Amino acid sequence: MTLTTRFAPSPTGHLHLGHAFSALNAYHYAKRASGRFILRIEDIDQARCLPEFTQAIYADLAWLGLDWESPVRVQSQHMADYHAALDRLREHHLIYRCFKTRKAIAADIGRAPHGLDLPYRGQPLSPDQEAEHMARGHAFAWRLSLAAARQHLGKGFDDLTFIEDGRGVQVARPQQAGDIVLARKDLGVAYHLAVVVDDALQGVTHVTRGDDLFEATGVQRLLQALLGLPIPTYCHHSLLSGPDGQRLAKRDRAQTLKALREGGMDPSDLRRQLGFD
Ligand code: GLU
């Protein structure tokens, strides 16, 4: 199988230097092995993603000197694929409807309601209770049941591992994330589900991305096992930090590739600064 990497930004803002590093890393990883490099636009969260940012991603990466296969997979155009995966999980009773509000969940686990996916573990309601909520039109989320997943996979649940390039076999720890939300009315489907479906569908053999997503790999590895998907090799790279030692964030306007590009920076200088070429 041809070695295949991908860069999968979410168009929620302009790309910054950290993204440039990540994209170059994925690109060179593939090119060194005469492999394929794929660009994927992860815009399922339509409340936060804007088409103008997608256009800027294309412009920034082309300016940076990258080329990629076309057509580019734009996740919002493939929701049926993600819903089909959700249906498969539902058929195996691996997901359940959760009607609790974030506030109720935070109270349950005794933590302040920050972050979308609190490490919550729940269980399906009885058919009667569920029917009552549905009849009242209450909003709900589909959560992945760790208990059901454990039952489904048997001993395999505790033996979930993945290969981290250069670091060998890693134990996946999906338990740390709790019963994660996989779909919600306002969200469509969650990032984790779309990512594993697409990585498999696009034949991604090496997932190159920042260290901030290392923990996400545990959940994604579990989803791969439950959906019978191939397991890529993972290559998490360290994150670039700014002069103040802080992680580069999307809000640092001055650091956006657009600003550098429009300010007349030579992209070969930038590539060199980031350690490429
Ligand atoms: N779309 C994700 C992000 O922009 C990255 C997903 C991934 O590389 O797996 O943070």
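Whatever order the structure lists them in is the order used to number ligands and atoms, beginning at 1. Remember, predicted model here, so these are calculated numbers, not experimental data. These numbers come from the heavy atoms of this one structure, side chains and all, not from hydrogens, waters or symmetry mates.
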Exercise. For ligand 1, is there an N or O atom under 3.5 Å from any N or O atom of Ser10?
Worked result: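 So ligand 1 has an N or O lying under 3.5 Å from an N or O of Ser10.
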For this session: Ignoring angles and geometry beyond distance, decide whether Ala8 reaches within less than 3.5 Å of ligand 1 through its nitrogen or oxygen atoms.
Result: yes
For this session: Tell me whether the guanidinium CZ or amine NZ of Arg221 lies under 6.0 angstrom from the six-membered ring centre of Phe162 and within 45° of its axis.
Result: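 That pair does not qualify as a cation-pi contact.
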For this session: Can you sort out which atoms of ligand 1 are near Arg6, meaning under 4.0 Å from one of its heavy atoms?
Result: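 Reading through ligand 1 atom by atom, the close ones are 7 (C), 8 (O), 9 (O).
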Problem set entry | Residue Arg209 vicinity, atoms of ligand 1 by number, heavy atom under 4.0 Å |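 In order of number, 7 (C), 8 (O), 9 (O).
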Problem set entry | Part of Phe7 with heavy atoms under 4.0 Å of ligand 1, whether side chain, backbone, both or neither | neither
Exercise. Which is it for Leu213 and ligand 1 at heavy atoms under 4.0 Å: side chain, backbone, both or neither?
Worked result: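 Side chain only.
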For this session: Taking salt bridge (Lys or Arg N to Asp or Glu O under 4.0 Å) as the test, write out the residues that go with Asp266, two or more places apart.
Result: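 Asp266: no salt bridge (Lys or Arg N to Asp or Glu O under 4.0 Å) contacts found.
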Report all side-chain donor-acceptor pairs from residues 223-236 shorter than 3.5 Å, counting only partners two or more places apart or in another chain.
residue: Gln224; atom: NE2; partner: Tyr234; partner atom: OH; Å: 2.9
residue: His236; atom: ND1; partner: Glu164; partner atom: OE1; Å: 2.8
residue: His236; atom: NE2; partner: Arg209; partner atom: NE; Å: 3.2
residue: His236; atom: NE2; partner: Thr217; partner atom: OG1; Å: 3.1

Exercise. Heavy-atom distance under 4.5 Å between the side chains of Met265 and Gln273, does that happen here?
Worked result: yes
Exercise. Do Ser22 and His237 have a side chain donor and acceptor closer than 3.5 Å?
Worked result: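 Ser22 vs His237: donor-acceptor pair found between side chains.
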Problem set entry | Candidate with minimal heavy-atom separation from atom 1 (N) of ligand 1, of Gln75, Glu42, His236, Arg40 |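 Among Gln75, Glu42, His236, Arg40, the closest heavy atom to atom 1 (N) of ligand 1 comes from Glu42.
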Exercise. Once the angle between the rings of His206 and Tyr29 is folded into 0 to 90°, is it parallel (under 30°), tilted (30 to 60°) or perpendicular (over 60°)?
Worked result: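 Tilted, since the angle between the ring planes falls between 30° and 60°.
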